[in-house]
There are 2 protein chains.
Amino acid sequence: MRANTVYKRAYNQCLDILAGRPLGAWPVSEARLAGLLAVSRTTVRAILASLDEREILRGAGGARALHRLPDPRDYFPDRQTETVAQAVARRFMQWVLEGDCRPGQTISALDLARRFGTSTTAVREYLTHFARFGLIERRQNSGWIFVGVTRDFATEIYEVREMFELRSARAFIALPGDDPAWADLDAIEREHHRLLRDPDGRDTDFARLDERLHRLVYDAARNRFMREFYDLIAFVFHYHYQWNKADERERNRVALEEHLVYIAALRSRDARAVDAACRAHLRTVRATLLRSIGPEPARAGVLSRPASGPA
Amino acid sequence: MRANTVYKRAYNQCLDILAGRPLGAWPVSEARLAGLLAVSRTTVRAILASLDEREILRGAGGARALHRLPDPRDYFPDRQTETVAQAVARRFMQWVLEGDCRPGQTISALDLARRFGTSTTAVREYLTHFARFGLIERRQNSGWIFVGVTRDFATEIYEVREMFELRSARAFIALPGDDPAWADLDAIEREHHRLLRDPDGRDTDFARLDERLHRLVYDAARNRFMREFYDLIAFVFHYHYQWNKADERERNRVALEEHLVYIAALRSRDARAVDAACRAHLRTVRATLLRSIGPEPARAGVLSRPASGPA
DNA sequence: AGGCTGATCTTTATGCACAAAAAACCCAGC
DNA sequence: GCTGGGTTTTTTGTGCATAAAGATCAGCCT
C-alpha cells in the first residue's frame with residue numbers, strides 16, 4: 001500500500017507555519033494553503049481535517065481559528081516523510097559507497113529489494129533511472145551489472161568533461177558584469193580562503209565546495225545536456241572520493257590552490273588564462289582519479305568472467 | 001502473467017535451423033543448442049519438449065533425430081515473439097511520430113497503457129528510460145510532460161553535437177589505414193552517389209544513410225558518452241523529419257552534396273578541411289531544424305499553450 | 001581426474017492486477 | 001472570481017504468478 005508521505009511532509013510544514021502565529025483567527029483558504037505547501041487541495045483537506053481533530057485548528061473557511069499552538073509531539077517523525085523512491089535512492093547510494101559492490105559484479109534487484117525493505121518494482125524503477133549514468137548495465141532477462149568506474153570509463157568521461165568545462169568557462173567570462181554568478185564566485189572564493197586557513201574541516205566540506213564551483217561554471221553554458229552531465233561527474237567524484245583517502249589533505253590543498261588560479265582567471269576574463277587554468281586543474285583531477293583506480297587488469301577479467309551463461 | 005516470448009523466438013529460430021537439415025540423426029546437445037540460440041538451457045528444454053510433441057524431433061541425446069521437416073504452420077506468429085517492453089517502445093514511438101503529441105502536453109501513463117493494451121508498469125518503465133533523452137519530464141505525483149523539440153532544446157543539442165562531431169572527426173582521420181571504418185566510408189560514399197543519381201528512393205533511404213555516416217564518425221571517438229548522445233540526435237532527426245516534408249527533395253540533395261565534401265575531407269586527412277566541412281554541414285542541418293520549429297512564442301507560451309506544434 | 005550430458009531444483013526477472021494516496025475535475029453558492 | 005464540497009482520474013507502490021536463468025548432481029565416456 002502506498003505511503004502518504006506527501007501528506008505527512010506537508011502536515012509538518014503546516015505546523016511550522018502555525019508555530020509562528022498568534023492564537024485566534026487564521027482565515028486561509030484551502031486553495032491558498034495548497035499553493036503555499038505546493039500540494040493539491042485533496043491533501044490540504046486531509047491536513048485540515050487532522051488539525052481539526054487534534055484541536056489545533058477549529059472552525060472552517062473564514063471562521064477558521066488557531067486554537068492551540070503545535071508542540072513537538074504533533075509532528076510526524078522525519079523517517080516517515082521520505083518517499084519510497086527517495087529512500088531507495090538514498091539506500092542504494094549508501095550501499096554502493098559502502099563498497100559491497102565491485103566493478104563487474106552482478107546486482108540482483110530482488111536482493112536489493114529485500115535489503116531495502118521495499119518492493120522489486122521500486123528498485124527496478126530506480127535502477128532503470130540510474131542506468132542513464134552508464135555505471136550499471138542491464139542484461140536482458142538476467143539482471144544488472146555494476147560496470148563501475150573502470151579506467152576506460154574514467155578516460156571517456158574526462159574527455160567529455162574537458163570539452164564541456166572549457167566551453168562553459170568561455171560562456172562564463174562572457175556573462176554581463178551584473179550577473180549574479182559573479183557574486184556567487186566571490187562567495188566561493190572566500191570559502192576557499194577559509195578552508196585553506198582551516199584545513200581541519202569535515203571531509204565533505206571540500207567536496208561540496210568543489211561541486212559548487214564547477215556547477216556554477218557549468219550553469220553558465222545554459223545547456224541542459226552539459227548541466228545534466230555534471231550529475232554524473234559529481235557522482236563519480238563522490239564515489240572515488242570515498243575510496244581514496246590517501247594524501248587526502250594534500251590533494252585537497254592542491255585542488256584549492258588550482259581553483260583559486262581558475263577563479264582569478266575567470267575574473268580577469270582572459271580567455272587564454274581561463275583555458276590554461278581549467279586544463280591544468282582537470283589534468284590534476286583526472287590523474288588523481290586514474291591513480292586511485294589503478295592499472296586495468298589486462299582488459300579481460302572485467303566482463304568476461306561473470307558471463308558464464310548465454311546472457 | 002509474463003509472456004514466453006524468449007521461448008517463442010528461440011523456437012522459431014530453431015525451426016529455421018532444422019529446415020535446412022536432412023532427415024535423420026541430429027545429435028546436438030542441449031548446452032550447445034543453448035549457446036546457438038543464445039538462451040538458457042531451461043528454455044532449450046522447453047523447445048525440445050515441444051518439438052518432440054509435434055514429432056519434428058524424436059529421441060534424446062545422441063540418438064536425437066529429425067523426424068519431419070517443419071512447415072510454416074509450426075512457427076509462432078511474429079506478433080507473439082515481441083517482448084512487452086519492445087512493443088511499448090515501438091508503439092510509443094509510433095504514437096509520438098503520428099503527432100498526437102505536442103510540446104508542452106501532458107502524458108498520462110494510464111492512458112498510454114490502455115492505448116497499448118499493457119499494464120501501467122510497462123509504460124512507466126519505458127517512460128523513465130526514455131526520459132534520459134530529456135524529451136519528456138516527470139512531474140512528481142502528477143504525470144509526464146512532453147517537452148518536445150523546442151527552439152532552446154534544438155539550440156542546446158546542436159551546440160553539443162558540434163563539439164562531439166568535430167572531436168570525433170578528428171579521431172576518425174587519426175585511424176590507421178587498415179581500420180575497417182575506411183571501407184565503411186567507401187561503401188557509404190557509393191550509396192551517396194547512387195542516391196544522387198536516383199532521387200526517387202523511399203523517404204527513409206536518406207535518413208538511414210545519414211545516420212550511418214554520422215554514426216560511423218561518432219564511433220571513431222571510442223567514447224560511450226558521445227556514442228550514446230547520437231541516439232538522441234537520431235531520434236530528434238527522425239522526429240523532425242516526420243514533420244517537415246517541405247522541400248524535402250531539395251534539402252536531401254544539398255545534404256548529400258555536403259556529405260560528399262565531408263567524406264572527401266575525411267579521406268584527405270586534412271584536419272582543417274574536415275573541420276570546415278563538418279561545421280558547414282552542421283550549420284545547414286541546424287538551420288533546417290530551427291526553420292521547421294518556427295519562431296518561439298515569446299518565451300512564455302511554451303508550457304502554457306498546448307497549440308503551436310513543431311509543424 | 002575432468003569435462004560433458006541430462007535431470008532436478010532454486011532463484012530471479014518480467015509483467016500484471018489491484019489498493020491507497022494524491023492530483024485534477026466539476027459545480028453550486030456567494 | 002473565489003470558496004469549499006463532492007467526484008473522478010492518475011500516480012505510486014505492493015504482492016503475486018509465470019518465464020527464464022542459474023545452480024547442483026549423479027552417471028558416463030574418454
Side-chain angles (χ1 to χ4, degrees), chain A residues 1-10 27-34 38-48 60-62 64 83-88 106-114 117-127 138-144 306-311, chain B residues 1-10 27-34 38-48 60-64 83-88 106-114 117-128 138-144:
Chain A
M1 180 174 52
R2 184 179 179 184
N4 52 350
T5 56
V6 172
Y7 158 74
K8 287 175 177 168
R9 207 165 35 237
V28 175
S29 77
E30 291 181 357
R32 198 169 298 274
L33 192 54
V39 297
S40 71
R41 264 186 62 211
T42 307
T43 305
V44 166
R45 281 185 218 165
I47 292 171
L48 288 177
R64 211 189 312 281
T83 305
V84 170
Q86 289 171 336
V88 169
T106 61
I107 298 174
S108 156
L110 188 60
D111 177 52
L112 286 186
R114 276 194 290 251
T118 58
S119 69
T120 53
T121 312
V123 172
R124 231 160 75 201
E125 173 124 353
Y126 178 75
L127 290 179
R138 188 180 208 146
R139 287 267 181 280
Q140 200 57 234
N141 280 317
S142 163
W144 298 82
S308 59
Chain B
M1 179 176 52
R2 185 178 180 185
N4 52 351
T5 57
V6 172
Y7 158 72
K8 287 176 178 170
R9 210 166 30 240
V28 175
S29 77
E30 290 183 355
R32 198 167 298 275
L33 193 54
V39 296
S40 73
R41 276 182 58 206
T42 307
T43 306
V44 165
R45 280 174 51 79
I47 293 171
L48 288 177
R64 212 192 309 283
T83 305
V84 170
Q86 290 171 335
V88 169
T106 62
I107 297 175
S108 156
L110 187 60
D111 178 50
L112 286 186
R114 277 195 288 252
T118 57
S119 70
T120 53
T121 312
V123 171
R124 229 160 77 201
E125 173 126 352
Y126 179 74
L127 290 179
T128 39
R138 188 181 207 145
R139 288 267 181 280
Q140 199 56 237
N141 279 316
S142 162
W144 298 83

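The figures that follow rest on heavy atoms only: side chains count, while hydrogens, waters and symmetry mates do not. Chain naming here is simple, since letters A, B, ... match the order of the sequence lines and numbering starts at 1 in each.
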> Between B:V6 and A:Q140, is a side chain to side chain contact (heavy atoms under 4.5 Å, CB included) present by the stated rule, with each step listed?
Replying inline: CA-CA 10 Å; B:V6 172; A:Q140 200 57 234; over 6 Å; no

> Would B:T121 and A:R124 satisfy side chain to side chain contact (heavy atoms under 4.5 Å, CB included), going step by step from the backbone distance to the final call?
Replying inline: CA-CA 10 Å; B:T121 312; A:R124 231 160 75 201; 3.8 Å; yes

> How far apart are the C-alpha atoms of B:T128 and A:Y126, what are their side-chain angles, what is the distance that settles it, and do they pass the side chain to side chain contact (heavy atoms under 4.5 Å, CB included) test?
Replying inline: CA-CA 9 Å; B:T128 39; A:Y126 178 75; over 6 Å; no

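Nucleic acid contact for B:S108: sugar-phosphate only, since backbone atoms but no base atoms lie under 4.0 Å from a heavy atom of the residue. Within the nucleic acid shown, B:A85 comes within 4.0 Å of sugar-phosphate atoms alone, with no base atom in reach, counting heavy atoms only.
As rounded to whole Å, 16 Å separates atom P of D:dT11 from atom CD of B:E125. One atom, CZ of B:R138, and another, P of D:dT11, lie 9 Å apart when rounded to the nearest Å. Per the geometry, CG belonging to A:L110 stands 18 Å off P belonging to D:dA20, to the nearest Å. Regarding B:I47, its CD1 atom lies at a distance of 11 Å from the C1' atom of D:dA20, rounded to whole Å. Across the protein-nucleic acid pair, A:R139 atom CZ and D:dA19 atom P stand 25 Å apart, rounded to whole Å. A:I107 places its CD1 atom 14 Å from the P atom of C:dT12, with the value rounded to the nearest Å. Look at CD on B:E30: it is 18 Å from P on D:dG27, rounded to the nearest Å. Between B:L112 atom CG and C:dG15 atom C1' there is a gap of 17 Å when expressed in whole angstrom units.
Residue A:R124 places none of its side-chain N or O atoms closer than 4.0 Å to OP1 or OP2 of C:dG15. Look at A:S119 and you won't find any side-chain N or O under 4.0 angstrom from OP1 or OP2 of D:dG13.
Nearest to the side chain of A:A31, among D:dT3, C:dC16, C:dG6, sits D:dT3.
Both A:T120 and B:R114 lie near DNA chain D, and the one whose nearest nucleotide falls closer to the 5' end is B:R114.
Considering CD1 of B:I47 and CZ of B:R9, their distance stands at 11.0 Å, rounded to 0.5 Å.
Closest approach of B:T43 and B:Y7 over heavy atoms only: CG2-CA, 3.8 Å.
A:T5 places none of its side-chain heavy atoms less than 4.5 Å from the side chain of A:Q86.
Residues satisfying the salt bridge (charged side-chain N to carboxylate O under 4.0 Å, His left out) criterion with B:R45, sequence neighbours excluded, are B:E30.
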Considering only nitrogen or oxygen atoms on both sides, find all protein atoms under 3.5 Å from nucleotides 22-25 of chain C and state each distance.
from, atom 1, to, atom 2, distance (Å)
C:dA22, OP1, A:T5, N, 3.1
C:dA22, OP1, A:V6, N, 2.7
C:dA22, OP1, A:Y7, N, 3.3
C:dA23, OP2, A:S40, N, 2.8
C:dA23, OP2, A:S40, OG, 2.4
C:dA23, OP2, A:T43, OG1, 2.7
C:dA23, O5', A:S40, OG, 3.4
C:dA23, N7, A:T42, OG1, 2.6
C:dA24, OP1, B:S142, OG, 3.3
C:dA24, N6, A:T42, OG1, 3.1

